[in-house]
There are 2 protein chains.
Amino acid sequence: MEHDEQAVQLLQRSSAREHTKPCQTSLPRTHCQDCSLATLCLPNSSDFDDGGAAIEIVKRSRPLKRGEYLYRQGDQFNCVFAVCSGALKTFGLSDDGEELITGFHLPSELVGLSGMGSNIYPVSALALEETQVCRIPLKQLDEQPLELPYLRRRLMRCMSRELRDNQQMRLLLSKKNADERIAAFLIDLSARFRSRDLPANQFRLPMLRNEIGSYLGLAVETVSRVFTRFQQMRLIAAEGKEVHILAPLELSTLAGWHLDDSPI
Amino acid sequence: MEHDEQAVQLLQRSSAREHTKPCQTSLPRTHCQDCSLATLCLPNSSDFDDGGAAIEIVKRSRPLKRGEYLYRQGDQFNCVFAVCSGALKTFGLSDDGEELITGFHLPSELVGLSGMGSNIYPVSALALEETQVCRIPLKQLDEQPLELPYLRRRLMRCMSRELRDNQQMRLLLSKKNADERIAAFLIDLSARFRSRDLPANQFRLPMLRNEIGSYLGLAVETVSRVFTRFQQMRLIAAEGKEVHILAPLELSTLAGWHLDDSPI
DNA sequence: CGCGCTCTTGAAACTCTTCAACCTCGGTGG
DNA sequence: CCACCGAGGTTGAAGAGTTTCAAGAGCGCG
């Protein structure tokens, strides 16, 4: 597992007209405009009053292998990342060295926002599978005020969104039992797949059972038991990481989302 | 309990030279410069490159009485608030109508950030005691990009801070037992009092036991039992809401903060 | 092929919640 | 002035849910 600076080695991005020779890693030159996630990663493209400036500073990194770090807890904060493909987890370490997962990040989602206000990343980010990200270099927003109103707003909105998600997770962790937590977790994942126009009721979990447990504040064994119980109840069909949601409505009811389901 | 719009009735702020006649509510005219919390609420005043513009838009509201709402869950997002005096709690409602507390807000701290990216406040904010706030009208940061770099940065930093605090709370809720939660809660409060140059080891809790429980994901009875146990262990002395921390170090150890204690 | 990791399952142990009772205190009204 | 009342707080005992410990099955990979 390499460290951030090596791991995220940036490509030289070719400008629109300029034709550069292929670099060693032979990665595709990319533009946000070409990206299949553009509408998700940069929503409201009508809002593009930066004249393309925002896009110019976003660069795609070389792919991360499974188990590779995007950044580590304590690293100097450089930039925020948008996931292009694959999946990441962010986590910190507890006193006894146990890994405590704070989030999973799928394509079209941003990673690293929590480091924004300070000099360092407060958690580590690691690839759960072959993963590609786009790097949004911000240095310190403090020292170098962004002159890109569009991107700034987008970041603001994402942070606010993450704040609300976090609060909802806190409610989940304080008040919900194991069944409700797993149900909510599956429904949440389902919605995130749907937002990418992927099958919402049939997907592959990018994380292990024990990672689900760490995220939801449950022991692995409990996660496993709940999965088994859900299958007996015909709510889901699961085979390893492959999951079919058989009864989405019942599952949603079980999850019992209440505060604000609507992401606005 | 009144609604936001009535509750937060703004004063006309007098300009520096202009002498206006007292208004009916006879509240003191205030400036950020005069505020005892200025260095906390607006840290790094050397950084004041807005030429005072940021300060101009901040207005102090009339005091809220205990039990009065600052805003309600679902209200349209108008502004962020800085607490001047008193204390607030923010909370949502669960399916069964139970109140779920997401945070306590003491003087010098901001309230309402989680509504920033959307049109509405995702939680309610209510005064735990006589409370005064300063209103920072932002409308929608989206539509009306702030031209106040200093204030914008301050908000950014606060959101990021809140993100990290939230993640730490999630760790607390997933992994810590009742003793550890209460210890962490007291240590956190202690630090927040200290940052205002108030006694860090002797303070009055602005919230009820059941509110502590709601915040920490514990039953009231559990909170009460832990308080009793801590007193038997001579970690604290508590009489109602009045708390003395007798053994700050032991309490910190018990709390076992690990991820990032340093607020940067 | 076997080793290790993941996942599953069972039984015991433990923590926290729930239910119920009681206490204290401050406010209110007789 | 005192009794009453309700809210907040404390304490005990029973019960539920989850963790922990232990063992075994499945599976991929060197």
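Chain A is the first sequence line, chain B the second, and so forth, proteins listed ahead of strands; every chain is numbered from 1. Excluded from the calculations below are hydrogen atoms, water molecules and symmetry mates; all remaining heavy atoms, backbone and side chain alike, are included.
Residues satisfying the side chain to side chain contact (heavy atoms under 4.5 Å, CB included) criterion with Val226(B), sequence neighbours excluded, are Ala178(B), Asp179(B), Ile182(B), Thr222(B), Arg229(B), Phe230(B). Scanning for salt bridge (Lys or Arg N to Asp or Glu O under 4.0 Å) contacts around Glu98(B) gives Lys175(A), with sequence neighbours left out. Annotation: side chain to side chain donor-acceptor pair (under 3.5 Å) contacts of Thr90(B) (sequence neighbours excluded): Thr102(B), His105(B). By the side chain to side chain contact (heavy atoms under 4.5 Å, CB included) test, Glu180(A) pairs with Lys176(A), Asn177(A), Leu254(A), sequence neighbours left out.
Between chain A and DNA chain C, the heavy-atom contact criterion of under 4.0 Å yields a 5' to 3' nucleotide range of dT6(C) to dA11(C).
With rounding to whole Å, Met207(B) atom CE is found 15 Å from dG8(D) atom P. When the C1' atom of dA16(D) is taken as reference, atom CG of Asp179(A) falls 13 Å away, rounded to whole Å. For the pair Asn210(A) CG and dT20(D) P, the computed distance is 13 Å after rounding to whole Å. Atom CD of Glu239(B) and atom C1' of dG9(D) are 13 Å apart (whole Å). Rounded to whole Å, the distance from CG on Leu172(A) to P on dT18(D) is 12 Å. Rounded to whole angstrom, the span from the CD atom of Glu242(B) across to the C1' atom of dG9(D) amounts to 16 Å. Residue Leu208(A) contributes atom CG, which lies 16 Å from atom P of dC27(D) at whole-angstrom precision.
The pair Glu68(B)-Arg62(B) counts as a salt bridge, with a side-chain nitrogen and a carboxylate oxygen less than 4.0 angstrom apart. Contact check on Lys89(B) versus Glu211(B) returns a salt bridge, with a Lys/Arg side-chain nitrogen under 4.0 Å from an Asp/Glu carboxylate oxygen. The pair Glu242(B)-Arg204(B) counts as a salt bridge, with a side-chain nitrogen and a carboxylate oxygen less than 4.0 angstrom apart.
Cation-pi geometry between Arg72(A) and Tyr121(A) is not satisfied (NZ or CZ under 6.0 Å from the ring centre, within 45° of the ring normal).
DNA chain D is contacted by Glu221(B), Ser224(B), Arg225(B), Thr228(B) of residues 217-237 of chain B, taking any non-hydrogen atom closer than 4.0 Å.
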